Participant: 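Quick one: the structure is below, and I'll ask about it shortly.
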Amino acid sequence: MNAENTSSSNESLNFIEEIIEEDLRSGRHSSIQTRFPPEPNGYLHIGHAKSICLNFGLAQKYNGKCNLRYDDTNPTKEEQEYVDSILSDVRWLGFEPDQVLYASDYFQQLYEWAVQLIRAGKAYVDFSTPEEIGVMKGTPTTPGTPSKFRETSPEENLALFERMKNGDFPDGHCVLRAKIDLAAPNMHLRDPYLYRIKHAHHHRTGDKWNIYPMYDWAHGQCDSIERITHSVCTLEFIPHRALYDWFIEKLGIFPSKQYEFARLNLNYTVMSKRKLLQLVQEGYVSGWDDPRMPTISGLRRRGFTPESIREFAKRVGVAKRENIIDVGLLEFCLREDLNKRALRRFAVLRPLKVVITNYPETNEVEWLETENNPEDPETGKRSLPFSRELYIEQDDFMENPPPKYFRLSPGGMVRLKSAYIIKCTECVKDDNGAVVELRCTYVPESRSGQDTSELKVKGVIHWLSAAHAKPAEVRLYERLFQLEDPAAEDDFKKSLNPNSLEVIDTALVESALSETLVGDLFQFTRLGYFCTDTDSNTEKPVFNRSVTLKDAWAKEVKKQ
RNA sequence: UGGCCCAUGGUGUAACGGUAGCACAGCAGAUUUUGGUUCUGUUAGUUAGGGUUCGAAUCCUUGUGGGCCAACCA
């Protein structure tokens, strides 16, 4: 009966899918329930995207459900701003939670379960200081020693815990601990904290609570309440699993099971929320959505598509081995997606004027057709104005070209894409010797589509009619860090790339681009993929370079 | 060095005791009015030793290497 739920193809499964298929096959579960449980203390990043794609993807694949559950058990770190951004990021990625829930929804239930544990003599209130408790926990090689509060009677603990809840004690005055095993090799079992006192305002429960549950006391039970069948988390929670199981067993509640996979690491970036927060707060980037940030909002603003990120998550796979993925793979996924969808447009980042000396008159304009996307003929064609004065890219001209350079040079010929072949007859320089203008002649019979010139030129470059080009600001990004693993340094900020952002405010674009909307995606022919930034205004659009095109010539130059 | 997790080309990931495959990256070529795309070919790998077996990446064992764990964080 689960035949439709399980994959029939011979496509290989990751280890979690194998577990799920076995659970479905054996009848342990008839359907699955997963969850994505972020703490709302920062913006989501590409590592979370992997987890989102995994949890929601699993639910989709096996006709199950996936909740979004905010793990909001620490009011001093959590904010509504983060709650909002998380849901919008999840939706933007293309997933809709079955339910949007909060750990704080369960504070009362959690409290009652703590009372139950105390009654059973399995939890006690400890007035020792954090330092004392730390010492009493022992070390991995030596067992811990019991606190003098460990044998307090359940009745007394009940009263004490009640007072904790009522706010009778100041912050940090005491904690509730589970009574488990002070000699356990797994340190998490040495009487872990269940509750701490915090007279703090919670973004949802307000001032109702003076005590807040710790992660370990909340997570498994929240999973259990939601009847999560497969609670998927990252490797560092492996030692917590014993506790997770212990609480569920002692409480006798729905047995959710925890499974751990290796978190995503990307080279040339940092992924910890703490470090990302630092970059934001100390002004190294413009905000959580700075296009250089590995946050989902940053990637979105940079021009990444949900499809490309989902494809990326699929390609990196799911396993238990620590990994560092090459950002090149992320970029590949974007190019692969955009190549099929992005409309091509002409833009000249660093203009060099070209005057076609044998072109009829200054005011003469010819309209030439060019494809919107050669990969997708259905997108049709558009017309580009051609005239006597043009702009080309400075990079497309060299006075003394190296071998194999087949763009424009003195006496050389090149094709202006979808237009004519031109020949450079003269280069005009300023007082410093810099080339400021090119004089060229065009070959009238070489017009694209009706070329009878018999000329063969290797180079094809993009161009813009000077009179029709519109000004634009273009922002070019490079990786934020110069080191593959910045976090491995004593100060990760030392390897920040000083050239990670280059603003070109004198770029020119074809007029079709002046009506662009924020988020529009384009390929600027021969330059890369760009998207319209939120800073755009009606005077001047702003474009972010999402990713360059692969550049075989740049590679060739590097070799020389 | 107490416990736990992990180890396959440069990077990821498959192979479930029976031909080490796929993707990205790299290299070479073809096509191309984007030095893009597409296509073709190709380089490169089982952490080490021992054991079980007709047969081991896979099972056992001992090393080695990496990671995690002793927050009133999650």
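Fair warning: this is a prediction, and the values are worked out from it, not measured in the lab. Per chain, numbering begins at 1; letters A, B, ... match sequence-line order. Basis for what follows: all heavy atoms, side chains included, without hydrogens, waters or symmetry-related copies.
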Participant: Do any of residues 42-51 of chain A sit with a heavy atom less than 4.0 Å from RNA chain B, and if so which?
Facilitator: none
Participant: With a 4.0 Å cut-off on heavy atoms, is A:G138 in touch with a base, just the backbone sugar-phosphate, or nothing at all?
Facilitator: base
Participant: Any stems for RNA chain B, made of 3 or more Watson-Crick or G-U pairs in a row, each with both distances under 3.5 Å?
Facilitator: B:2-7 with B:64-69, B:10-13 with B:21-24, B:26-30 with B:38-42, B:47-51 with B:59-63
Participant: Please work out if A:F237 contacts a base, only the sugar-phosphate, or nothing of the nucleic acid, heavy-atom cut-off 4.0 Å.
Facilitator: base
Participant: Between P on B:A74 and NE2 on A:H188, what's the gap in Å once rounded to a whole number?
Facilitator: 13 Å
Participant: Starting at CZ of A:F406 and ending at C1' of B:U33, how long is that distance when rounded to a whole Å?
Facilitator: 13 Å
Participant: Parallel, tilted or perpendicular, judged at 30° and 60°: which one describes the rings of A:Y111 and A:F161?
Facilitator: parallel
Participant: Do A:T452 and A:R447 have side-chain N/O donor and acceptor atoms under 3.5 Å apart?
Facilitator: no
Participant: A:N186 CG to B:C69 P: how many Å, rounded?
Facilitator: 12 Å
Participant: Determine the sole option in A:I422, A:L408, A:L464 for which the side chain to side chain contact (heavy atoms under 4.5 Å, CB included) test with A:I392 is passed.
Facilitator: A:L408
Participant: A:K137 side chain N/O closer than 4.0 Å to the phosphate oxygens (OP1, OP2) of B:C69?
Facilitator: no
Participant: With a non-hydrogen cut-off below 4.0 angstrom, is A:E556 in contact with a base, only sugar-phosphate, or nothing?
Facilitator: nothing
Participant: Nucleotides 37-42 of chain B: which of its N/O atoms have a protein N/O under 3.5 Å away?
Facilitator:
{"from": "B:U37", "atom 1": "O2'", "to": "A:N339", "atom 2": "ND2", "distance (Å)": "3.2"}
{"from": "B:U37", "atom 1": "O2'", "to": "A:E375", "atom 2": "OE1", "distance (Å)": "3.1"}
{"from": "B:U37", "atom 1": "O2'", "to": "A:E375", "atom 2": "OE2", "distance (Å)": "3.3"}

Participant: Whether A:K320 contacts B:A7 is assessed here as follows: a side-chain N or O lying under 4.0 Å from the phosphate OP1 or OP2. Is that the case?
Facilitator: no
Participant: Let me spell it out: for each of A:V318 and A:D171, pick the nucleotide of RNA chain B with the closest heavy atom. Which residue's pick is nearer the 5' end?
Facilitator: A:V318
Participant: In whole angstrom, give me the gap between the C1' atoms of B:U13 and B:A44.
Facilitator: 16 Å
Participant: Do we see A:Y215 stacking on the base of B:A74, given a limit of 5.5 Å between centres and 30° between planes?
Facilitator: no
Participant: Closer to the 5' end of RNA chain B via nearest nucleotide, is it A:N373 or A:A262?
Facilitator: A:A262
Participant: When you measure from the side-chain N and O atoms of A:K198 to the phosphate of B:C73, is any distance below 4.0 Å, counting only OP1 and OP2?
Facilitator: yes
Participant: Do A:R345 and A:F543 meet the cation-pi criteria used here (NZ or CZ under 6.0 Å from the six-membered ring centre, within 45° of the axis)?
Facilitator: no
Participant: When the distance from CG of A:L329 to P of B:G26 is rounded to whole Å, what number comes out?
Facilitator: 12 Å
Participant: Mind calculating the distance between CG (A:L243) and P (B:A74) to the nearest angstrom?
Facilitator: 13 Å
Participant: Can you tell me how the ring of A:H45 sits relative to the ring of A:H48, calling it parallel under 30°, perpendicular over 60° and tilted otherwise?
Facilitator: tilted
Participant: For A:R196 and B:C73, is the shortest distance between a side-chain N/O and OP1 or OP2 below 4.0 Å?
Facilitator: yes
